[in-house]
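Note that the structure is a prediction, hence the values are computed from the model and not measured. Throughout, protein chains are lettered first and strands after them, A, B, ... in sequence-line order, and every chain is numbered starting at 1.
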Amino acid sequence: MTTVTLLYFAGLRERVGRSREEVALAAGTATVASLVQQLRSRDERYGEAFATGANWRVAVNQRMADAGTALASGDEVAFFPPVTGG
Amino acid sequence: MPTVRVQAADFDVGRELESLTRGRKDVGAVASFVGLVRDANDGREIRGMTLEHYPGMTEKALEEICREAHARWKLLDTLVIHRVGPLAPGDRIVLVGVSSAHRGEAFAACEFIMDYLKTRAPFWKREDTAHGSRWVEARSSDDEAAGRW
């Protein structure tokens, strides 16, 4: 089983209501896109946070990634809104 | 070697920039940028803001941006200090310093680092206004600025 650690930041953390969780990926191809699909179908909060067209960014193991990035067991996957530092 | 720091405390601009030149005779130019908290944004009065970040990734992202600047220009040293936590109008948020033999490289790399920081370093601002607090929306002009390089 592929288990990944999810982190949420800023507005996205508030929308899903938590900052961290461990998730077992559904069987099949493990990519950011399949993970997002899995999260989206969870409940209304996640459905809204990851709705089609929602403006989120993702980092895998602390590097910017995208929907096509493959996931492996133990990966740290962070979801957050577009950044606004500086 | 790039110096990157993420900290809650304020910084002394003069002392930090001096660290780029101390003990060396090959520096001909130091360019710097200081970002500050404004008291207004999008027509609203700003009473303060809180900066959230992604510990671990933030430092890596800033180091990566500095390394990219070193790869693109002939630089002697780079420095980025970014504050996190609660900040008030007038407070310093970020300092970028770049040293090189000639000014052209230092100016360009300083602007490049800021433009990339704005779109690639995981920081998020939450503003406190008279009408409550709100997350700052990313600006498309920042993407365009980063896209120039």
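Classification of the B/W124-A/F9 ring pair by plane angle, with boundaries at 30° and 60°, yields parallel.
Interface residue B/K125: backbone and side-chain heavy atoms are both found under 4.5 Å from chain A. In this structure, no portion of B/A61 lies under 4.5 Å from any heavy atom of chain A. Residue B/E137 touches chain A through its backbone alone, counting heavy-atom pairs closer than 4.5 Å. If you measure heavy-atom distances from A/R13 to chain B, the contacts under 4.5 Å come from the side chain alone. For a residue to count as touching a neighbouring chain, one of its non-hydrogen atoms must lie under 4.5 Å from one of that chain's; by this rule B/R126 touches chain A with the side chain only.
Minimum interatomic distance between A/A78 and B/Y54 (heavy atoms only, all atoms of both residues): CB-CE1, 3.3 Å. Residues A/A59 and B/M57 share a closest heavy-atom pair of CB-SD, 3.5 Å.
In the hydrophobic clustering of ILVMFWY residues, with side-chain heavy atoms under 4.5 Å counting as a link, B/V80 and B/Y116 come out together. The same ILVMFWY cluster, assembled from side-chain heavy atoms under 4.5 Å apart, contains both B/L87 and B/M114. Transitive grouping of hydrophobic side chains (ILVMFWY, heavy atoms separated by less than 4.5 Å) brings A/L71 and A/L39 into a common cluster.
Ranked by heavy-atom pairs under 4.5 Å with chain A, the list B/V136, B/V96, B/V94, B/I93 is led by B/V136.
Interatomic distance, OG1 of B/T119 versus CZ of A/R57, reported as 9.5 Å (0.5 Å rounding). Distance check: B/E64 CD to A/Q62 CD gives 13.0 Å after rounding to the nearest 0.5 Å. Interatomic distance, CE of B/M49 versus OG1 of A/T84, reported as 8.5 Å (0.5 Å rounding).
By the 6.0 Å contact criterion, CZ on B/R67 is enclosed, its count of non-hydrogen atoms from other residues, nucleotides or ligands being greater than 12. The neighbour count for A/Q37 CD, taken as heavy atoms of other residues, nucleotides or ligands under 6.0 Å away, does not exceed 12. Within 6.0 Å of CZ in A/R42 there are more than 12 heavy atoms belonging to other residues, nucleotides or ligands. More than 12 heavy atoms of other shown residues, nucleotides or ligands fall within 6.0 angstrom of atom CZ in B/R148. The 12-atom threshold is not exceeded at CZ of B/R103, counting heavy atoms of other residues, nucleotides or ligands nearer than 6.0 Å.
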